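As the structure is a computational prediction, the values presented were derived from the model and not from experiment.
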Amino acid sequence: MADFDAVWLNAKLATMTDNGSPYGAIEQGALAVKDGLIVYAGPQAELPPFDSLVTPLYDVQGQWLLPGLIDCHTHLLYAGNRANEFELRLQGASYQQIAAAGGGIASTVRATRDASEEALFKLGKDRLNALLREGVTTVEIKSGYGLDLANEQKLLEVAALLEQHHPTSIIKTFLGAHALPPEFKDNADGYIEAVCQMLPALQQLGLVDAVDIFCESIGFSVAQSRKVFAAATALGLPVKAHAEQLSNLGGSALVAEFGGLSADHVEYLDEAGVAAMAKAGTVAVLLPGAYYFLRETQLPPLALLRQYQVPIAVASDLNPGTSPFCSLQLMLNMACTLFRLTPEEALLGVTRHAATALGLKDRGQLQAGMRADFGCYAITQPAELCYQFGVSPLKQLVVAGSLCRLP
């Protein structure tokens, strides 16, 4: 007889695998876990025999099980807020004008540098709790609001502490090349050299899972981004980029050239960039919250991404300036309403494709061998998670095979 730690019965499974059914659905399904992994996810009629007297059973009465959701692009650790800039934008100021006047990322850097690790930990925990209540079990957290070695290290250390003291899995991304700090005013090349010198020190501390850059007219050039990518690659670290958000500089093609994980935003991505991403297996991460908040009008090239079969992920981009939204469920709705993704595409974007965007092969799908991260939702169809937000239908959350107490 099979040896299971727990079994979920009478479930509908949205496996998010490519099994030929929408959402990889199995209507009369069961799921079993052992040692933190899924060991069976399939038709209940084919569940191997097991001792039901000693195995914990959960009868979900026809509710849906989905993989733990993955928010693959956040700037979750920061202090302060930029509500004043929100007002300025409503009065007609552009993102670029606010940044040139000392606002934007620079204002958050000042507040974050002044914040203690304890304060940042509390802020981060509150935000992770909000995501957890929706069924998010993996979150990428970027640095990038320190912009010097000490403060970038502070942010990454807080991210590591959160992973130790919170149910959510944390992926730590070094985004030193986020903006130009005041110490390097008018010396972007000098700051890029400093970023490249930060990398080995942070990696030796075990604080870096991936490296990101802001490749944009108000960020860093392709040539400068290339230097950071070369330094990261020499250390064996995967790369990704904020690219083609405000213009088409070729940052996405640069990520593809380095075999990078993802190009994020990509509103101004052209066909050559799409083709390069398709060839490299680079994921396109859509960030509808920033598109909405900045009232952008340039849509990502969805038809081209579909034509070239580039995997599409969806993320919150949680940050104080351009996407102050701590809800992946809201992003699902925005991805469908603003970008016209289908609900299945959107849900793939926060499960299977989001895992790929983080270089994770052990989650994002309900199938044997995957981490046992999944949620039980009181919904009649998976599209409901894209249809409504504000009230979470999550009834039970399992992380690494154990029931998770929701905050």
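Between the side chain of Asn10 and the backbone N or O of Asp59, no donor-acceptor pair lies under 3.5 Å. No side-chain donor-acceptor contact under 3.5 Å links Gln388 to the backbone of Glu384. With Arg113 contributing its side chain and Gly146 its backbone, the two residues share a donor-acceptor pair below 3.5 Å. Within the 3.5 Å criterion, the main-chain N or O of Thr15 finds no donor-acceptor partner in the side chain of Gln365. Distance alone, capped at 3.5 Å, places no donor-acceptor pair between the Gln329 side chain and the Cys386 backbone. Formation of a donor-acceptor pair under 3.5 Å by the Ser323 side chain with backbone atoms of Ser316 is found in this model. Side-chain atoms of Lys12 never come within 3.5 Å of backbone atoms of Pro382 as a donor-acceptor pair (strictly under, hydrogens ignored). With Asp373 contributing its side chain and Ala400 its backbone, the two residues share a donor-acceptor pair below 3.5 Å. Listed for the Glu46 side chain is no donor-acceptor partner under 3.5 Å among the backbone atoms of Pro43. Side-chain N or O atoms of Glu152 include one that pairs as donor or acceptor with a backbone N or O of Gly144 at under 3.5 Å.
Atom CG of Leu299 and atom CG of Leu269 lie 13.0 Å apart (nearest 0.5 Å). For the atom pair CG (Asp264) and NE2 (His73), the distance works out to 5.5 Å, reported to the nearest 0.5 Å. In this structure, CG in Leu341 is found 9.5 Å from CG in Leu348, a value given to the nearest 0.5 Å. Note that OG1 of Thr297 and CD of Glu267 are 10.0 Å apart. Values are rounded to the nearest 0.5 Å. Rounding to the nearest 0.5 angstrom, the gap separating the CD1 atom in Ile213 from the OG atom in Ser221 is 9.0 Å. For the atom pair CG of Leu347 and CD of Glu344, the computed distance is 8.5 Å after rounding to the nearest 0.5 Å.
When each of Tyr145, Tyr191, Phe220 is tested with His178 by the rule ring pair (Phe, Tyr, Trp, His ring centres under 6.0 Å), just one qualifies, namely Tyr145. Of the options Val33, Leu13, Leu397, a side-chain contact (heavy atoms from CB on, under 4.5 Å) to Phe374 is made by Val33 and by none of the others.
The existence of a salt bridge linking Lys240 and Asp212 is excluded, since no basic side-chain nitrogen approaches an acidic carboxylate oxygen closer than 4.0 Å. A salt bridge does not link Arg110 with Asp114: none of the charged nitrogens is closer than 4.0 Å to a carboxylate oxygen. The existence of a salt bridge linking Asp18 and Arg352 is excluded, since no basic side-chain nitrogen approaches an acidic carboxylate oxygen closer than 4.0 Å. Ion pairing between a basic and an acidic side chain is recognised when a charged N comes within 4.0 Å of a carboxylate O; Lys34 and Asp3 show such pairing.
Gln153 has its side chain within reach of Leu202: a pair of non-hydrogen atoms, C-beta onward, lies under 4.5 Å apart. In this structure the side chain of Asp317 reaches within 4.5 angstrom of the side chain of Thr322, judged on heavy atoms. Taking 4.5 Å as the limit, every side-chain heavy atom of Pro343 sits out of range of all side-chain heavy atoms of Tyr387. Inter-residue side-chain proximity for Val60 and Lys395 is flagged as unmet; no heavy-atom pair is nearer than 4.5 Å. Counting heavy atoms from C-beta on, the side chains of Leu128 and Ile170 come closer than 4.5 Å. In this structure, the side chains of Thr173 and Leu358 stay at 4.5 Å or more apart for every pair of heavy atoms. Within the 4.5 Å cutoff, the side chain of Lys122 has heavy atoms near those of the Asp126 side chain. Side-chain contact between Phe229 and Val255 is present, with heavy atoms from C-beta onward closer than 4.5 Å.
Here the closest non-hydrogen pair linking Glu85 and Gly104 is OE2-N, 2.8 Å. Residues Gly321 and Arg89 share a closest heavy-atom pair of O-NH2, 3.0 Å. Summarising the geometry of Ala79 relative to Thr112, their closest heavy-atom pair is N-OG1, 3.2 Å, with the distance given to 0.1 Å. Nearest heavy-atom pair across Leu254 and Ser225 is CD2-CB, 3.6 Å. Of all heavy-atom pairs between His265 and Ala243, the closest is CB-O, 3.8 Å. Looking at every heavy atom in both residues, Leu65 comes nearest to Leu366 through O-CD1, 3.5 Å.
Enclosure of atom CD in Gln309 is not indicated, since only 12 or fewer non-hydrogen atoms of other residues, nucleotides or ligands lie within 6.0 angstrom. Counting heavy atoms of neighbouring residues, nucleotides and ligands inside a 6.0 Å radius, atom CZ of Phe86 does not exceed 12 of them. In Phe50, the CZ atom is crowded: over 12 heavy atoms of neighbouring residues, nucleotides or ligands sit closer than 6.0 Å. Counting non-hydrogen atoms of other residues, nucleotides and ligands closer than 6.0 Å to OH of Tyr58 gives a total above 12. Residue Gln28 places its CD atom among 12 or fewer non-hydrogen atoms of other residues, nucleotides or ligands, all under 6.0 Å distant.
Between the side chains of Thr17 and Gln367, no donor N or O sits under 3.5 Å from an acceptor N or O. A donor atom on one side chain and an acceptor atom on the other are found under 3.5 Å apart for Trp8 and Gln396. Looking at Tyr308 and Glu271, their side chains do bring a donor and an acceptor atom within 3.5 Å of each other.
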Inset, instruction - Go through Ile70 and Leu360 one step at a time and tell me if the side-chain contact (heavy atoms from CB on, under 4.5 Å) criterion holds. - result: CA-CA 10 Å; Ile70 299 170; Leu360 301 173; 5.5 Å; no

Legend entry - Ser247 vs Glu216, side chain to side chain donor-acceptor pair (under 3.5 Å): CA-CA, chis, key distance, verdict: CA-CA 7 Å; Ser247 61; Glu216 190 52 75; 2.4 Å; yes

Inset, instruction - Decide side-chain contact (heavy atoms from CB on, under 4.5 Å) for Leu246 and Glu296; before the verdict, give the C-alpha distance in whole Å, the side-chain angles of both, and the deciding distance to 0.1 Å. - result: CA-CA 9 Å; Leu246 305 172; Glu296 296 289 351; 3.7 Å; yes

Legend entry - Candidate pair Tyr40 and Phe4, rule ring pair (Phe, Tyr, Trp, His ring centres under 6.0 Å), full reasoning: CA-CA 9 Å; Tyr40 181 82; Phe4 300 139; 7.5 Å; no

Inset, instruction - Go through the steps to decide whether Tyr78 and Leu318 satisfy the test side-chain contact (heavy atoms from CB on, under 4.5 Å), and finish with yes or no. - result: CA-CA 10 Å; Tyr78 62 87; Leu318 170 60; 4.2 Å; yes

Inset, instruction - For Thr74 and Lys142, run side-chain contact (heavy atoms from CB on, under 4.5 Å): C-alpha distance rounded to whole Å, both residues' side-chain angles, the deciding distance at 0.1 Å, then the answer. - result: CA-CA 6 Å; Thr74 86; Lys142 302 179 189 294; 6.0 Å; no

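Here Phe214 pairs with His242 under the ring pair (Phe, Tyr, Trp, His ring centres under 6.0 Å) rule; sequence neighbours left out.
The aromatic rings of Phe293 and Phe325 sit perpendicular, their planes meeting at an angle over 60°, well past the 30° parallel limit.
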